Amino acid sequence: MDGKKIVLSINGKEITCGLNKTILDVVRENGIQIPTLCDCKNLAPFGACRLCLVEIEGIPKLITACSTIAVKGMKIRTESERIDKSRRFIVELLLSDHPFDCMFCEQAGTCPLQDLAYEYGMKNIRFPGEKRATITDDTNPFIERDNSKCILCGRCVRVCDEIQGVGAIGFIDRGFQTRIGTPFDRNLDCEFCGQCVASCPVGALTAKPSKQKGRIWQTRSVKTICPYCGCGCNLTLHVRDNKIISVTSDPDTLNEGYLCSKGRFGCDYVHHPDRLQYPLIKKDGQFIRSSWEQALTLVAMKFKEIKEQHGNDSLAGLSSAKCTNEENYLFQKFIRAVLGTNNVDHCARL
Ligand code: SF4
Ligand code: SF4
Ligand code: SF4
């Protein structure tokens with residue numbers, strides 16, 4: 001056996017896998033589903049939700065698959081009556097302190113907690129105790145937080161810290177009072193990248209610009225590239241009635257689902273009434289609508305006039321970081337080969 005591989009068994013079946021992988025990774029690689037709420041791609045294991053509990057032969061208690069490294073010879077069970085009972089109990093405890101707001105919640109339809117409640121048929125919760133107070137933060141234009149729906153999975157805190165390197169939010173208080181918030185409970189004032197919203201499995205964090213604009217099944221998805229900069233992040237536009245109502249990014253793309261605030265929240269300019277949608281030519285102090293052919297002919301004529309009167313080097317071109325590499329290449333080619341000058345630069349060096 002290759003020293004970089006180990007053999008273990010899952011549900012009685014012999015499996016060969018790589019070293020230093022968590023049980024959850026190995027289980028998933030082999031097409032076995034385990035429910036999770038706190039696990040999130042690229043974030044360090046946290047073991048908060050306890051839903052990924054598995055049995056390991058020789059270990060009396062159930063073990064979290066997300067935070068346990070698979071080792072040689074392990075005999076793992078992902079399904080048993082004991083595991084099922086334990087998972088149901090965890091979901092029931094989460095729901096015992098949950099507002100059951102699915103009719104109005106923005107996450108309805110894509111909420112794994114809602115799915116688990118459905119799967120386990122959790123209609124009657126046995127623990128009708130105290131519920132946490134609703135503490136919301138609605139003080140900024142982008143993100144609304146409703147702690148009554150928070151399941152304390154820590155995904156928002158970890159993505160903000162581990163991926164964004166910002167650390168704008170954290171766990172506040174302890175025990176039943178634990179909640180997510182900002183230092184000293186100040187209003188959220190961060191980069192507004194929206195990564196926390198994208199990571200939140202439930203409806204505790206909502207992107208305000210898309211609130212009540214449409215359910216996920218009422219929208220059509222359009223994959224595109226962010227129009228803002230040359231990084232070229234992948235976007236998925238969620239479109240309803242021909243209007244972009246929200247923007248997400250697929251974790252399996254090059255930017256791994258991460259966006260900046262412009263990509264995530266800035267695409268509404270597409271529908272702005274002031275947006276230029278056709279060329280305008282100024283005549284007698286007034287902008288007059290024209291065709292592309294008229295506009296480009298006029299610009300070409302003006303370039304020609306300047307070149308003839310003042311020489312090629314009287315012209316210069318400045319390109320933009322918003323363009324792709326290919327567009328920048330074409331731009332410099334145009335300036336050098338058509339306008340005949342090397343006066344070409346880029347805003348990044350300005
Ligand atoms: S977070 Fe999920 S379970 Fe809770 S109200 Fe929203 S959709 Fe329902
Ligand atoms: S929007 Fe971005 S920077 Fe602000 S709290 Fe969320 S993850 Fe952190
Ligand atoms: S706000 Fe969402 S992501 Fe953050 S801890 Fe609560 S449930 Fe998890």
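When a residue number appears, it is its place in the shown sequence, counting from 1. Atoms within a ligand are numbered from 1 in the order they appear, just like the ligands themselves. Since this is a predicted model, take the numbers as computed values, not measurements.
- Within a 6.0 Å sphere centred on CD of Gln309, other residues, nucleotides and ligands contribute more than 12 heavy atoms.
- With a 4.5 Å cut-off on side-chain heavy atoms, Thr36 and Leu51 do not count as touching.
- Scanning the protein for heavy atoms near atom 6 (Fe) of ligand 3, the closest one is Cys150 SG, 2.3 Å.
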Let me check something: any side-chain donor-acceptor pairs from residues 100-107 under 3.5 Å, sequence neighbours excluded? List them with distances.
unit_1	atom_1	unit_2	atom_2	d
Asp101	OD2	Lys149	NZ	3.4
Glu106	OE2	Gln212	N	2.7
Gln107	NE2	Pro201	O	3.0

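- Residue pairs meeting the salt bridge (charged side-chain N to carboxylate O under 4.0 Å, His left out) criterion with at least one partner in residues 293-309, sequence neighbours excluded, are Lys304-Glu308.
- For atom 6 (Fe) of ligand 1, the nearby protein N/O/S atoms, meaning those under 2.8 Å, are Cys105 SG.
- Here the straight-line distance linking atom OG1 of Thr139 with atom CG of Asn187 works out to 3.5 Å at 0.5 Å rounding.
- Atom OH of Tyr118 has 12 or fewer heavy atoms from other residues, nucleotides or ligands within 6.0 Å.
- Counting heavy atoms under 4.0 Å from ligand 3, residue Asn147 does not touch it at all.
- Side-chain atoms of Cys52 and Asp39, non-hydrogen and from C-beta on, never get closer than 4.5 Å to each other.
- Taking the side chain as every heavy atom from C-beta outward, Leu37 and Leu94 approach each other to under 4.5 Å.
- Of the protein's non-hydrogen atoms, the one nearest atom 4 (Fe) of ligand 1 is His98 NE2, 2.2 Å.
- Within 6.0 Å of NZ on Lys131 lie more than 12 heavy atoms contributed by other residues, nucleotides or ligands.
- Set against the non-hydrogen atoms of Phe192, the atoms of ligand 2 under 4.0 Å away are 1 (S), 4 (Fe).
- Looking at Met301 and Leu298, their side chains come closer than 4.5 Å, going by heavy atoms from C-beta outward.
- A salt bridge is absent between Asp137 and Arg179; no separation between the charged side-chain nitrogens and carboxylate oxygens falls under 4.0 Å.
- Pro279 places a side-chain heavy atom less than 4.5 Å from the side chain of Ser290.
- Looking at every heavy atom in both residues, Asp146 comes nearest to Thr136 through CA-CG2, 3.8 Å.
- In summary, the atoms of ligand 2 found under 4.0 Å from a heavy atom of Ile143, numbered by their order in the structure, are 1 (S).
- Residue contact check: Ile151 has heavy atoms under 4.0 Å from atoms 6 (Fe), 7 (S) of ligand 3.
- Shown in contact with Ile180 at under 4.0 Å from a heavy atom are these atoms of ligand 3, numbered in order with element: 5 (S).
- Shortest contact from atom 2 (Fe) of ligand 3 to any protein heavy atom: Cys200 SG, 2.3 Å.
- Atom numbering of ligand 3 starts at 1 in the shown order; those under 4.0 Å from a heavy atom of Gly154 are 5 (S), 8 (Fe).
- Taking 2.8 Å as the limit, the number of protein N, O or S atoms around atom 8 (Fe) of ligand 2 is 1.
- Here the side chain of Lys41 pairs no donor or acceptor atom with the backbone of Glu256 at under 3.5 angstrom.
- Ligand 3 places these atoms under 4.0 Å from at least one heavy atom of Leu205: 1 (S).
- For atom 8 (Fe) of ligand 3, the closest heavy atom belonging to the protein is Cys153 SG, 2.3 Å.
- Closest approach of Phe265 to Pro209, counting heavy atoms only: CD2-CG, 3.8 Å.
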